[in-house]
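Take a look at the structure below.
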Amino acid sequence: MASRGFRVHRFLRSCDWIRLRPNLNRGFSSDAVPSQLERVGFIGLGNMGYHMAKNLITAGYKVTVHDIVDRQIKTWILMISSNDNTMKKFSEKGVPTKETPCQVAESSDVIITMLPTSSNVLDVYFGQNGLIESQNHLSPWLFIDSSTVDPQTSRKISMSISKCHLKEKKGYVEKPIMLDAPVSGGVPAAEAGTLTFMAAKICNNLAMAISMIGVSEAFALGQNLGIRASTLTNIFNSSSARCWSSDTYNPVPGVMPGVPSSRNYDGGFASKLMAKDLGLAITSAAEVGLESPLTSKAHNIYKRLCEKGYDSKDFSCVFRHYYSGKDEN
């Protein structure tokens, strides 16, 4: 693994990454993209993946897309207008779309997956017509999973890919490689092309969830004591309480424009995904014998939000729908 990692690192460093950064105002020509990275298959076109794929296209990559459909909602999906079909939106702009992950892999050098759950990821990789379904020789040399999944899932995929071979050698790389690369920044960062890629997403989201709950609880207490949320925000952001949940992603409607709380908590990081990630954190903590009481409490809070019907609302809705917080205005 160490030697393979070195070869990948050496190859990636040889690429002119400055030229790969997307300028969303003017775009890029395909000449700016190294041939080993040019053909990108993107699987998972939800709130995050949709914008990520669009930015890759703008940056000059030759992108092929596929979106998953839960078997339980296939009938419902067929009833939706074609204008609301994400795959349709891409195909109408001339972007190739494929019916299966396997078809995406056949025409790609790099695969990026951005999926909701571990089971979705496993199905895309190992399910019928999956990316590596009983295949020993693969076309893509690099598999990047940006989903937030449990460590066991990432290890299983990585081990399976390490046993495969490339149909054709790509640069310094002789065997296919998988990178566990979940992201942080939410939908706004996905749209702006400013996401942070990391390898410790479960820990990050654990801290983020507890932070959001703490900030929301403080704002709710302040309102009940007669203190305006805007006043508390100024205090927090000028003192030791300052954090991302107060200065960048404020949960109180009317305090900060451009965040989910300003649009009825729509278009952000869904509460059901936060509940899922906290469940992964609890499992991971149990595996290493770590007590995690705050994680368990946060998990219960987000599960209650989901049970109350706010599963698709941004996780910052904990301020309004758990603490009954009020709008600023």
Side-chain angles (χ1 to χ4, degrees), residues 37 39-57 61-74 76-78 85-91 95-167 175-183 190 195 197 199 201-202 269-270 272-273 276-277 279-280:
L37 301 169
R39 301 186 305 162
V40 177
F42 203 103
I43 300 175
L45 304 174
N47 290 336
M48 298 286 290
Y50 176 78
H51 296 295
M52 293 168 70
K54 282 184 63 178
N55 284 340
L56 285 170
I57 294 166
Y61 293 86
K62 296 179 179 179
V63 179
T64 300
V65 299
H66 170 75
D67 200 18
I68 64 170
V69 179
D70 192 305
R71 292 182 178 86
Q72 295 179 348
I73 61 173
K74 277 186 177 180
W76 180 75
I77 288 290
L78 292 174
N85 187 301
T86 306
M87 292 269 280
K88 185 75 170 180
K89 291 178 182 178
F90 279 100
S91 64
V95 178
T97 61
K98 300 295 182 180
E99 293 298 319
T100 67
C102 182
Q103 291 175 346
V104 175
E106 290 172 355
S107 60
S108 302
D109 299 308
V110 179
I111 294 290
I112 301 175
T113 49
M114 186 62 173
L115 302 163
T117 68
S118 298
S119 60
N120 293 141
V121 175
L122 290 172
D123 187 54
V124 163
Y125 274 88
F126 302 113
Q128 185 177 8
N129 296 315
L131 291 172
I132 55 176
E133 178 202 9
S134 64
Q135 296 187 54
N136 292 322
H137 291 79
L138 306 174
S139 294
W141 69 272
L142 179 60
F143 294 79
I144 303 173
D145 183 31
S146 292
S147 317
T148 302
V149 298
D150 59 277
Q152 293 77 13
T153 294
S154 297
R155 293 188 188 111
K156 180 177 181 179
I157 295 171
S158 180
M159 288 295 293
S160 296
I161 289 177
S162 69
K163 297 175 182 177
C164 296
H165 302 277
L166 287 173
K167 290 182 178 178
K175 297 192 68 175
I177 292 169
M178 180 264 188
L179 295 181
D180 175 27
V183 301
L195 288 169
F197 290 78
K201 183 65 182 296
I202 292 176
F269 186 68
K272 62 184 177 183
L273 295 180
K276 181 264 294 183
D277 290 353
L280 295 176

- request: Would you name the heavy atoms of L115 and V121 that are closest together and state the gap between them?
  value: CD1-CA, 3.8 Å

- prompt: Quick one: does T64's side chain get under 4.5 Å of R39's, heavy atoms only?
  reply: no

field: Residue from D150, T148, D123 passing side-chain hydrogen bond (donor to acceptor under 3.5 Å, both in side chains) with S118
entry: D150

query: Are any of the side-chain heavy atoms of S146 and M52 separated by less than 4.5 Å?
result: yes

field: Heavy-atom pair of closest approach, residues A199 and P182
entry: CA-CD, 4.5 Å

- prompt: For V63 and A53, which heavy atoms make the closest approach, and how far apart are they?
  reply: CG2-O, 4.5 Å

message: For the CG atom of N120 and the OG atom of S147, what is their distance to the nearest 0.5 Å?
response: 8.0 Å

task: Output the distance between atom SG (C164) and atom CZ (F143), rounded to the nearest 0.5 Å.
output: 7.5 Å

message: For the CG atom of N55 and the CG atom of L195, what is their distance to the nearest 0.5 Å?
response: 8.5 Å

- prompt: Taking S158 for the side chain and R155 for the main chain, is one N or O donor matched with an acceptor at less than 3.5 Å?
  reply: no

statement: Heavy atoms of P101 and V124 approach each other most closely as CB-O, 3.7 Å

query: With a 4.5 Å heavy-atom cut-off, do F90 and L45 have their side chains touching?
result: yes

task: Indicate yes or no: at least one non-hydrogen side-chain atom of F197 is less than 4.5 angstrom from one of L179.
output: no

- prompt: Do the non-hydrogen side-chain atoms of K175 and H165 ever get within less than 4.5 Å of each other?
  reply: yes

task: Find out whether N47 and F269 are in side-chain contact, i.e. whether some heavy atom of one side chain is under 4.5 Å from a heavy atom of the other.
output: no

field: Approximate separation, where rounding is to 0.5 Å, of I177 CD1 and W141 CH2
entry: 6.5 Å

- prompt: V149 versus I157: any side-chain heavy-atom pair under 4.5 Å?
  reply: no

message: Assess the residue pair N129 and Q103 against the criterion (side-chain contact (heavy atoms from CB on, under 4.5 Å)); give the C-alpha distance rounded to whole Å, side-chain angles, the decisive distance to 0.1 Å, and a yes or no.
response: CA-CA 8 Å; N129 296 315; Q103 291 175 346; over 6 Å; no

- request: Work out which heavy atom in G130 is nearest to a heavy atom in C102; give both atom names and the distance.
  value: O-CB, 3.5 Å

query: Atom OG1 in T97, atom CG in D67: separation rounded to 0.5 Å?
result: 11.0 Å

- request: For residues M114 and V183, determine if any side-chain heavy atom of one lies less than 4.5 Å from a side-chain heavy atom of the other.
  value: yes

- prompt: Could K156 and Y125 be counted as a cation-pi pair, given that NZ or CZ must be under 6.0 Å from the ring centre and within 45° of the axis?
  reply: no

- request: Identify the heavy atoms of M178 and I161 that sit nearest to each other, and give their distance.
  value: CB-CD1, 3.6 Å

Test item: S108 side-chain N/O and A105 main-chain N/O as donor-acceptor pair under 3.5 Å: no

message: Please report the interatomic distance CG(L138) to NZ(K167), rounded to the nearest 0.5 Å.
response: 7.5 Å

query: Run the side-chain contact (heavy atoms from CB on, under 4.5 Å) check on T113 and L131 step by step: do they pass?
result: CA-CA 10 Å; T113 49; L131 291 172; 4.1 Å; yes

